[in-house]
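Please read the structure below before turning to the comments.
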Amino acid sequence: MTRLLYALAGADKDRQFSPHVWKTVMSLAHKGLDHDTVPVGFTEIPGIENGGTATVPLLRDGDRLVGDSFAIALYLDEAYPDRPSLFGGAGGQAMARFIENWSQSTLHMAITRIAILDIHNLLGEADRAYFRRSREERLGASLEDIAAAGKAEVEDFARKLQPLRNMLKVQPFIGGEGPLFPDYIVFGALQWLRTTAGTKVLEEDDPVALWFARCLDLHGGVGRRVAAA
């Protein structure tokens, strides 16, 4: 059985950058499940699986289609209970919900402002037009004005990670001694920045930077298969 993971990519189809797709890449690797990646651009998503999704990631696992990175992680734990758990039980699921909301409301908004022009420039022509139109409508400003505001986000980004930094003083991963899905949530955000803008937001000896490097090395270094921008 071949698993297919539909993943957002730029004009270079080998550069997959979606934070949500990276959560799923890490989830599949955590479970030891092989898959083939199907890279798609923004404007190709409506044609996936006969209109089966409006967003990626989308996982085809045999006859099953599962969208949304959190739902995919829940599905993988249910479908493959004999393999390492992504949550470690109901408590881990509840913790992951909090981490996801924190990451998306705090980290994703900052990264959007930092990387928005870099993301635009990674895309093919049709996707660039879509991305500019949709993001400017959603955010109420030009990409250039959003990017200008992003300069302040670079200086402030490390501070946003202080809760994680404090926690890493007592354990190597959010999941404890080893990674769980909450680690992959925050990893996905920082991987998004790494693979699009490559902007340095952390000092090399920052505990968060060291944790991120550990995550990049997990599962045979799958996180490093796309080079930093």
Side-chain angles (χ1 to χ4, degrees), residues 7-12 15-26 41-42 55-57 69-70 96-123 127-169 173-174 181-216 223-224 226-229:
L8 187 63
D12 176 0
R15 182 161 292 277
Q16 292 119 39
F17 57 84
S18 163
H20 308 295
V21 170
W22 275 106
K23 295 177 210 175
T24 300
V25 169
M26 298 299 281
F42 282 104
T55 61
V56 291
S69 58
F70 206 109
R97 291 290 185 192
F98 170 81
I99 296 293
E100 182 165 74
N101 278 282
W102 170 73
S103 179
Q104 293 192 15
S105 63
T106 302
L107 304 183
H108 281 222
M109 289 305 300
I111 293 169
T112 294
R113 295 185 182 99
I114 294 169
I116 197 160
L117 276 180
D118 299 282
I119 297 169
H120 172 269
N121 294 337
L122 287 174
L123 305 177
D127 281 352
R128 285 187 183 189
Y130 163 81
F131 185 81
R132 178 175 288 276
R133 181 180 67 255
S134 62
R135 270 47 181 183
E136 290 183 348
E137 288 177 358
R138 182 185 304 174
L139 298 171
S142 70
L143 298 188
E144 289 73 17
D145 286 347
I146 297 164
K151 295 177 181 178
E153 295 285 1
V154 174
E155 297 177 1
D156 195 46
F157 196 83
R159 183 188 62 80
K160 299 178 189 298
L161 289 159
Q162 191 60 43
L164 176 58
R165 189 174 295 110
N166 289 342
M167 187 214 67
L168 291 170
K169 294 176 182 178
F173 293 97
I174 301 173
F181 187 66
D183 288 274
Y184 304 145
I185 292 171
V186 184
F187 170 83
L190 297 183
Q191 181 77 326
W192 180 28
L193 180 61
R194 174 181 174 270
T195 56
T196 55
T199 305
K200 182 178 179 180
V201 292
L202 298 169
E203 297 299 325
E204 291 182 3
D205 61 351
D206 188 306
V208 178
L210 297 174
W211 163 85
F212 184 59
R214 289 196 295 274
C215 290
L216 285 169
R224 297 188 186 275
V226 176

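The structure presented is a predicted model; accordingly, all values stated were derived computationally and were not measured.
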Worksheet entry | Residues Ile116, Glu136; criterion side chain to side chain contact (heavy atoms under 4.5 Å, CB included); working and verdict | CA-CA 10 Å; Ile116 197 160; Glu136 290 183 348; over 6 Å; no
Item to complete: Any chance you could measure Asp156, atom CG, to Arg113, atom CZ, to the nearest 0.5 Å?
Response: 11.0 Å
Discussion item. How close do Arg194 and Gly223 get, counting heavy atoms only, and between which atoms?
Written reply: NH1-O, 3.5 Å
Worksheet item: When you check the side-chain N and O atoms of Trp211 and Asp206, is any donor under 3.5 Å from an acceptor?
Response: no
Worksheet, complete the sentence: So CZ of Phe212 and CG of Leu168: to nearest 0.5 Å the spacing works out to 13.5 Å
Worksheet item: Gln191 side chain to Pro19 main-chain N or O, any donor-acceptor pair under 3.5 Å?
Response: no
Item to complete: Please find out if less than 6.0 Å separates the ring center of Trp192 from that of His20.
Response: no
Worksheet item: Counting only heavy atoms not in Lys200, do more than 12 fall under 6.0 Å of its NZ?
Response: yes
Fill in: Heavy-atom donor-acceptor pair, Trp22 side chain to Gln16 backbone, under 3.5 Å
yes
Worksheet item: In this structure, are over 12 heavy atoms from other groups packed under 6.0 Å from Glu203 atom CD?
Response: no
Practice prompt. Give the C-alpha distance, both sets of side-chain angles, the deciding distance and a yes or no for side chain to side chain contact (heavy atoms under 4.5 Å, CB included) between Glu144 and Leu117.
Written response: CA-CA 7 Å; Glu144 289 73 17; Leu117 276 180; 4.0 Å; yes
Item to complete: Could you tell me which non-hydrogen atom of Ala227 sits nearest to which non-hydrogen atom of Arg15, and how far apart they are?
Response: O-NH1, 2.9 Å
Worksheet entry | Parallel, tilted or perpendicular: ring planes of Phe131 versus His120, cut at 30 and 60 degrees | tilted
Worksheet item: Atom CD1 of Ile111 and atom CG of Leu193: how far apart are they, to the nearest 0.5 Å?
Response: 5.0 Å
